[in-house]
A.B. asks: 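Below is the structure I would like to discuss, written out as structure tokens.
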Amino acid sequence: MSDQSVSSVSTTPFEGQRPGTSGLRKKVTVFQQAGYLENFVQAIFDGLDGFAGHTLVVGGDGRFYNREAVQIILKMAAANGFGRVLVGRGGLMSTPAVSCVIRKHQAFGGLILSASHNPGGPDGDFGVKYNAGNGGPAPENLTEAFYARACEIDAYKILECADADIDTLGTSSIGGMTVEVVDPVADYAELMQTLFDFDAIRKMFAGGFRIAFDAMHAIAGPYATEILERRLGAAPGSVMNGTPLPDFGGGHPDPNLVHAHDLVDIMNGADAPDFGAASDGDADRNMILGRNFFVTPSDSLAVMAANAGHVMGYAGGIAGVARSMPTSQAADRVAAGLGVECFETPTGWKFFGNLLDAGRITLCGEESFGTGSDHVREKDGLWTVLFWLNILASRKQSVADIVREHWGEFGRNYYSRHDYEAIDTAAAEGLMDHLRQSTPDLKGRTFGSYEIDWCDDFAYTDPTDGGVTTGQGIRISFTDGSRIVYRLSGTGTEGATLRVYLERFEPDPARHDLATQETLAEMIGIARDLAEIETRTGRGAPTVIT
Ligand code: VG1
Ligand code: CO
């Protein structure tokens, strides 16, 4: 120990983007620059109050630079006075598991190393996010403090010592700080067992029910293998691509119809299993599929809310539901039917956290393949899969039948998102400005069969603390309840990404089996024209349609 000393390293000021909806994301090569990660981590520590002697949780999704980053963080946590770090074995832990571990062990907070669904590898992306003591993403006052501090920082504190052993379960110490290497899956699996009827699901698998779960070579693999195959008895091999790889096997770990195409082929093929699911880089997202059937994330939230009574841990009823603004309004109808509150929040999980902490909601979700509940303070991919499995074990119907019955009762919200990725940043901002200026005049105007009811730039007042968040995206609402929403992504690392969200409500069950893009075709044309997408961005078509 005697050769361990704290050095305060001078460094150039941090040059980085303002951390977005989900922490700071940059190319790996940016994070590898001398002092870059260190500056950002020091800015986080400087922005926090009163952690001396307390516990920090650290883990990542296993992407390239994960291990190096964990070692740097351990040495910096020791130099800055944390009492203990709980680190997942191998430096691994999924985002929902970090949230679970923070809460269970009453840690001060946690650092998650991930760029979520963005590709990894030496030329891919890396990211850092800080979660607070409630297990949820840092609230805005903290992210602003981190950013402000990062811009002026000129030194960081780090312990000069050998790397810690992060591959053996157990306790060691660096400096005066305890390093406890924990099984990244154990606490999370235990929590799942309290929420879902494992006996009923086990019985369903024993009866021949089949699942295909695509972990996309990312961090969900170890969790899904332990829970689905070992504890619930799904056939060995049910988990595909279950070993986390630093480059996710060269793929894009984003669970949607475009990137999870292997799974989609299996589910649309002959002899498809009963249920298919995938999750993203850090395992907080999910995609739900039935046999030859895609459940949109917006519908998934609505179906989950309507069927919570079938699920062990939620059978007592739900307090309320929240959805992000661009998510379809399908969940609103369910909330109204149940007589519970429904909230529309800005994109990103941090806004749900306050509502969950206040007990105002139990379930929440986003159109971007994310659903979650009050069990942690992050969206949770495998939890969503187990929620669905519990519904299926109870209702003993197919995914498609359950969703079709749901539409029959509540109506169907046809829904799609069109992304224009890596467009010129100035053009993207110009397009949003144009919409901000032109849409107020559109009220009452008719376009083909659609009449505009109202337009706004979404602003949110947090009902728990009164905080106001403005400029969250343009909403165009039509008189029949259909909507077009435009916003710019906060998680991209190249240029800007324009997201156009399209939603059309269809109450008539005779019209519930139409093709989505065709059904939305007229709105898609209106959306392109109103925003002058082609002339402003040079793009005649979106990069990704989900
Ligand atoms: C995207 C999604 C948003 C999600 C965020 C983080 O943000 O649209 O719904 O909360 O990613 O998800 P944006 O700003 O690019 O639209 V994750 O799984 O990347 O932590
Ligand atoms: Co994610």
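Start at 1 and go down the list; that is how both ligands and their atoms are numbered.
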A.B. asks: Number the atoms of ligand 1 from 1 as they appear, then name those within less than 4.0 Å of a heavy atom of T347, with their elements.
C.D. replies: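 Listed by number with element: 3 (C), 9 (O).
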A.B. asks: Is the distance from the ring center of Y188 to that of Y223 below 6.0 Å?
C.D. replies: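 Yes - the distance between ring centres of Y188 and Y223 falls below the 6.0 Å cut-off.
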A.B. asks: Does a donor on one side chain and an acceptor on the other come within less than 3.5 Å for T516 and S416?
C.D. replies: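 The criterion, which ignores hydrogens and geometry beyond distance, is not satisfied for S416 and T516.
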A.B. asks: Pick whichever of E378, R487, K379, E421 has a heavy atom sitting closest to atom 12 (O) of ligand 1.
C.D. replies: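 Considering heavy atoms of E378, R487, K379, E421, the nearest to atom 12 (O) of ligand 1 sits in K379.
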A.B. asks: Can you tell which part of N118 has a heavy atom less than 4.0 Å from ligand 1: side chain, backbone, both or neither?
C.D. replies: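 Neither part.
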A.B. asks: Tell me yes or no: between the side chains of Y314 and S373, is some donor less than 3.5 Å from an acceptor?
C.D. replies: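 On atom types as modelled, these side chains qualify, holding a pair under 3.5 Å.
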A.B. asks: Among the N/O/S atoms of D280, select the one at the shortest distance from the Co ion (ligand 2) and name it.
C.D. replies: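 Going by distance to the Co ion (ligand 2), the closest N, O or S atom in D280 is OD2.
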A.B. asks: Strictly under 2.8 Å, is any N, O or S atom of S116 next to the Co ion (ligand 2)?
C.D. replies: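 S116 does place an N, O or S atom closer than 2.8 Å to the Co ion (ligand 2).
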A.B. asks: Give the numbers and elements of all ligand 1 atoms closer than 4.0 Å to a heavy atom of G490.
C.D. replies: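 Result: 13 (P), 14 (O), 15 (O).
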A.B. asks: Counting only heavy atoms, which portion of R25 has something under 4.0 Å from ligand 1: side chain, backbone, both, or neither?
C.D. replies: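 Under 4.0 Å from ligand 1, R25 contributes side-chain atoms alone.
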A.B. asks: For ligand 1, which atoms have a heavy atom of S116 less than 4.0 angstrom away?
C.D. replies: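 In order of number, 17 (V), 18 (O), 19 (O), 20 (O).
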A.B. asks: In terms of side-chain heavy atoms, does D187 have a donor or acceptor partner in H105 at a distance below 3.5 Å?
C.D. replies: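 Present: a donor and an acceptor within the cut-off.
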A.B. asks: Using only heavy-atom distances, determine whether the side chains of K379 and S368 contain a donor-acceptor pair under 3.5 Å.
C.D. replies: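 Per modelled atom types, K379 and S368 side chains form no pair under 3.5 Å.
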A.B. asks: In terms of side-chain geometry, is the basic nitrogen of R360 or E341 positioned less than 4.0 Å from the acidic oxygen of its partner?
C.D. replies: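 Yes, this pair counts.
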A.B. asks: Nearest non-hydrogen contact with atom 5 (C) of ligand 1 belongs to which option: K129, M325, R285?
C.D. replies: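 Answer by nearest heavy atom: R285.
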A.B. asks: Taking 4.0 angstrom as the limit and counting only heavy atoms of S368, give me the atoms of ligand 1 inside it, by number and element.
C.D. replies: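 Atoms satisfying the 4.0 Å criterion: 2 (C), 3 (C), 4 (C), 8 (O), 9 (O).
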A.B. asks: Is the contact between S489 and ligand 1 made by the side chain, the backbone, both, or neither, using heavy atoms and a 4.0 Å cut-off?
C.D. replies: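 Both backbone and side chain.
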A.B. asks: Decide yes or no on side-chain hydrogen bond (donor to acceptor under 3.5 Å, both in side chains) for S99 and N131, but give the supporting numbers first.
C.D. replies: CA-CA 7 Å; S99 187; N131 280 28; 4.9 Å; no
A.B. asks: Considering just N/O/S atoms, say which atom of D284 is closest to the Co ion (ligand 2).
C.D. replies: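 When I compare the N, O and S atoms of D284, OD1 is nearest to the Co ion (ligand 2).
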A.B. asks: Please could you name the atoms of ligand 1 that R417 approaches to less than 4.0 Å, counting only its heavy atoms?
C.D. replies: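 Close to R417: 8 (O).
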A.B. asks: Quick check: does W349 get an N/O under 3.5 Å from an N/O on ligand 1?
C.D. replies: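 Between W349 and ligand 1 (N or O atoms, distance only) the closest approach is not under 3.5 Å.
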A.B. asks: Going by an N to O cut-off under 4.0 Å, is there a salt bridge joining E367 and R483?
C.D. replies: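 A salt bridge is absent here (no side-chain N lies under 4.0 Å from a carboxylate O).
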A.B. asks: Can you sort out which atoms of ligand 1 are near G348, meaning under 4.0 Å from one of its heavy atoms?
C.D. replies: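 Those atoms are 10 (O).
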A.B. asks: Which ligand 1 atoms does E366 reach within 4.0 Å, using its non-hydrogen atoms?
C.D. replies: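 Numbered from 1, ligand 1 contributes 3 (C), 4 (C), 9 (O), 10 (O).
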A.B. asks: Do the rings of F458 and Y460 sit parallel, tilted or perpendicular, given the 30° and 60° boundaries?
C.D. replies: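 F458 and Y460: tilted rings.
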A.B. asks: For D280, counting its heavy atoms only, list the atoms of ligand 1 lying under 4.0 Å from any of them.
C.D. replies: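 Every atom of ligand 1 under 4.0 Å from some heavy atom of D280: 18 (O).
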A.B. asks: If the threshold is 4.0 Å, N to carboxylate O, is there a salt bridge linking R323 and E344?
C.D. replies: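 Result for this pair is yes, salt bridge flagged.
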A.B. asks: Which pair of non-hydrogen atoms, one from P137 and one from R377, has the smallest distance, and what is that distance?
C.D. replies: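 Minimum heavy-atom contact is CD-O, 3.3 Å.
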A.B. asks: Say whether L488, considering both its backbone and side-chain N or O atoms, lies within less than 3.5 Å of an N or O atom on ligand 1.
C.D. replies: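 No, L488 has no N/O under 3.5 Å of an N/O on ligand 1.
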A.B. asks: Give yes or no for whether the N/O distance cutoff of 3.5 Å, strictly under, is met between R499 and ligand 1.
C.D. replies: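 R499 vs ligand 1: N/O contact under 3.5 Å present.
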A.B. asks: Of all the N, O or S atoms in D282, which has the shortest distance to the Co ion (ligand 2)?
C.D. replies: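 Minimum-distance N/O/S atom of D282 relative to the Co ion (ligand 2) is OD1.
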A.B. asks: May I ask you to decide if the ring planes of H375 and W383 are parallel, tilted or perpendicular, using 30° and 60° as cut-offs?
C.D. replies: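 The arrangement is parallel - the two ring planes meet at less than 30°.
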